[in-house]
> 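Please see the structure below; I have some questions.
Quick caveat: nothing in here was measured; it's all calculated off a predicted structure. Numbered from 1 within each chain, the chains take letters A, B, ... in sequence-line order. All heavy atoms count here, side chains included; hydrogens, waters and symmetry mates do not.
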Amino acid sequence: MRVEAGEFFGFLGRNGAGKTTTINAVVGLANKSSGTIRIFGYDNEREWREARRFIGLAPQEFNFDRYLSIRDVLIFQAGYYGLRGRAVARRADELLERFGLTARARVEYTRISGGQKRRLTLARALIHRPRLLILDEPTAGVDVEQRLELWDLLRTLNADGLTIFLTTHYLEEAEELCKRIAIIRDGRIITEQPTEELVREGERLQDVFLELVRG
Amino acid sequence: MRFNGVGLWTLTKRELIRSMKIINQVIWPPIITTLLYVFIFGMAIGSRIPHVQGVTYAQFLIPGLIMLQAIDSSYGECSSSIFQGRFMNHIQELLIAPLSAFEIVSGFVLGSLARALIIAGLITILGAVLVHTLPRDWFTYLGVLVLVSVLFSALGIIFGLLAEKFDHLAVLTTFVITPLTFVGGVFTAATMLPPALRTLELVNPIFYTIDAFRRSYTGQSFLAPIYSIGAITVLCVITLAIALRMTALGVKLRT
C-alpha cells in the first residue's frame, strides 16, 4: 500500500480486519512481523526518530495525560518531540483557537465534552507540525454539526498540503473526504483505488464495501 | 536528532508535576510518618536506649528513615506512573514520539529521583530541627541517595511494566521491600543483632543501602563503603539494564 504525499487516503475494513494494527505498526505502537514501512522515505524502524517526527496520530480512544491542563497536553506533547519555547506556546494557543478550545485551555481534559476531547485529539496530533496525519475514527461520538465542522477543517488541512490517512466506520465520511480508498480484509488489502473509480455513478460506498468485505 | 534532551526533560518535568498534583498522597505522608517514628521510636522509646554508633538513638534513626522513604518513594513513583500510563493509555504519547528507551527510562528515573530528593531533604531538615543531626559527609549522603533512588526507580519501571493490575504493584512493596527495609537496619544497627541474624543481613540488599547511607551521618558503618556502595552500584546497573531492555522491546507497551 502506498499513500502519496498530500493525499487524503481512506483505509477501511470491518472490525478486526487489521486497520488499527496497521496504524500501530506505522506509528511504532506495534512490532511488525515482516515487511517495511517508509514515512516520506524514512524506514520507521531503522530511522525511527526521523519517521516519527513526520507523523501525527489522533487515536480513537481518548488517551490524554490527566495531570496536565489542556494547553499543557499540547505543550508537553511538543516537548516529547523535542520542541520547546515561545514558538511552541504560540502554536498551542493557535491550535486551541482553531479548534475552539481557548476558553477551556486551563482545565483538565476530564472536564471537557466528548466533542471537545475529539478536537483536542486533533490539536495534539498537529502540535509538532507533522506532514502525515493519521486519524483513527476522528468523528466517533461527535454530533452531526460538529462532524461537518471537523470535515471542513480536515479538508482545509489537506488543502494546505497535509497528507491524511483516515480510518472510519462512517462510510459516507470516507466517500465525502477521501480521494483514494483501500479496503483491508483479514489483514490483506483487497482493493486500493481512487474513490471515484471504486464508487461508480449511482452506487454507494456502503454497497461496494459490503460486497468486497463479504468476499 | 541524535539525542532528544528536550523530550527527556519534558518527561522529567511531567513526573514532577504529577508528584505535585498528588502531593497529599506522595510527599506529605512520608513526612508525617517520619515525624511519628521520630517522636515515638526516637524520642519516647529511644531515650531509654544507649548511644548507637556514637550518637543518640533518635539521631541514629534519621538516616534509616530517609532511606526507608527514599526507597518507598522511588519505587512507588515509577511503578505507579508507568502502570497508570499503560492503564489510561497516555503512555502512547511517549511511545509514538521520537524518544528512545534510554530517554524514556531516564525521564521516569529523574522524575522519581527529584521526588526522592525532595522527601529526603524535608526529612533531613526535620532531623536537624528535632534531634539536631545533620550529615557529616554530604558527598556520601547525596551519592548513596542518588544510587538507591535510581535502583528502586528502575525496579519500579520493571514492575510497572509487568503489572496487570494496581494490586500487583503492591506485591513487591508488601512482601519484599517493606520487610527487607525494616529488618535491613532502619531501626537497628547490625551490631545490635545476634551473630546469626547479622550474617543473614548480608543477603539483604537493603541492608547495604542503609549501612552505606548511615555512614554519611555517623561516620561509622558495619561494612566498608567499598562493599556496600559497590553492591548498590552493581544492583543499580543490573536493574537499569533490565528496565532499559524491557522498554526497548516494548514489553506490555507495544503489541
> Could you state the interatomic distance from OG1 (Thr20(A)) to CG (Asn15(A)), rounded to the nearest 0.5 Å?
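The distance works out to 8.5 Å.
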> At a 4.5 Å cut-off on heavy atoms, which part of Leu8(B) comes close to chain A: side chain, backbone, both, or neither?
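Neither part.
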> Hey, can you tell me if Tyr141(B) and Trp138(B) have their rings parallel, tilted or perpendicular (30° and 60° cut-offs)?
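Tyr141(B) and Trp138(B): perpendicular rings.
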> Should Glu45(A) and Lys32(A) count as an ion pair when the cut-off is N to O under 4.0 Å?
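Looking at Glu45(A) and Lys32(A), the cut-off is met.
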> When the ring planes of Tyr37(B) and Phe41(B) are compared, do they come out parallel, tilted or perpendicular, using 30° and 60° as the limits?
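Tilted, since the angle between the ring planes falls between 30° and 60°.
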> Under 4.5 Å from any heavy atom of chain B, what part of Glu47(A) do you find: side chain, backbone, both or neither?
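For Glu47(A), no heavy atom lies under 4.5 Å from chain B.
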> Top residue by heavy-atom pair count (under 4.5 Å) with chain B, among Gln77(A), Glu61(A), Arg84(A)?
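So the answer, after comparing Gln77(A), Glu61(A), Arg84(A), is Gln77(A).
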> Rounded to the nearest 0.5 Å, how far does CZ of Arg86(A) lie from CG of Asp93(A)?
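Rounded to the nearest 0.5 Å, the CG-CZ separation comes to 13.0 Å.
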> For chain A, which candidate among Lys21(B), Met88(B), Glu103(B), Arg18(B) shows the most heavy-atom pairs at distances under 4.5 Å?
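Answer, by heavy-atom pair count under 4.5 Å with chain A: Arg18(B).
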> Measure distances from Leu83(A) to the heavy atoms of chain B and classify the residue's part below 4.5 Å as side chain, backbone, both or neither.
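For Leu83(A), backbone heavy atoms alone lie under 4.5 Å from chain B.
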> Heavy-atom distance under 4.5 Å to chain A: side chain of Ile17(B), backbone, both or neither?
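Contact with chain A is through the side chain of Ile17(B) alone.
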> Heavy-atom distances under 4.5 Å only: say whether Phe54(A) touches chain B with side chain, backbone, both or neither.
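Neither part.
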> Indicate the ring-plane relationship of Phe11(A) and Phe165(A), choosing parallel, tilted or perpendicular according to the 30° and 60° boundaries.
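Rings of Phe11(A) and Phe165(A): tilted, 30 to 60°.
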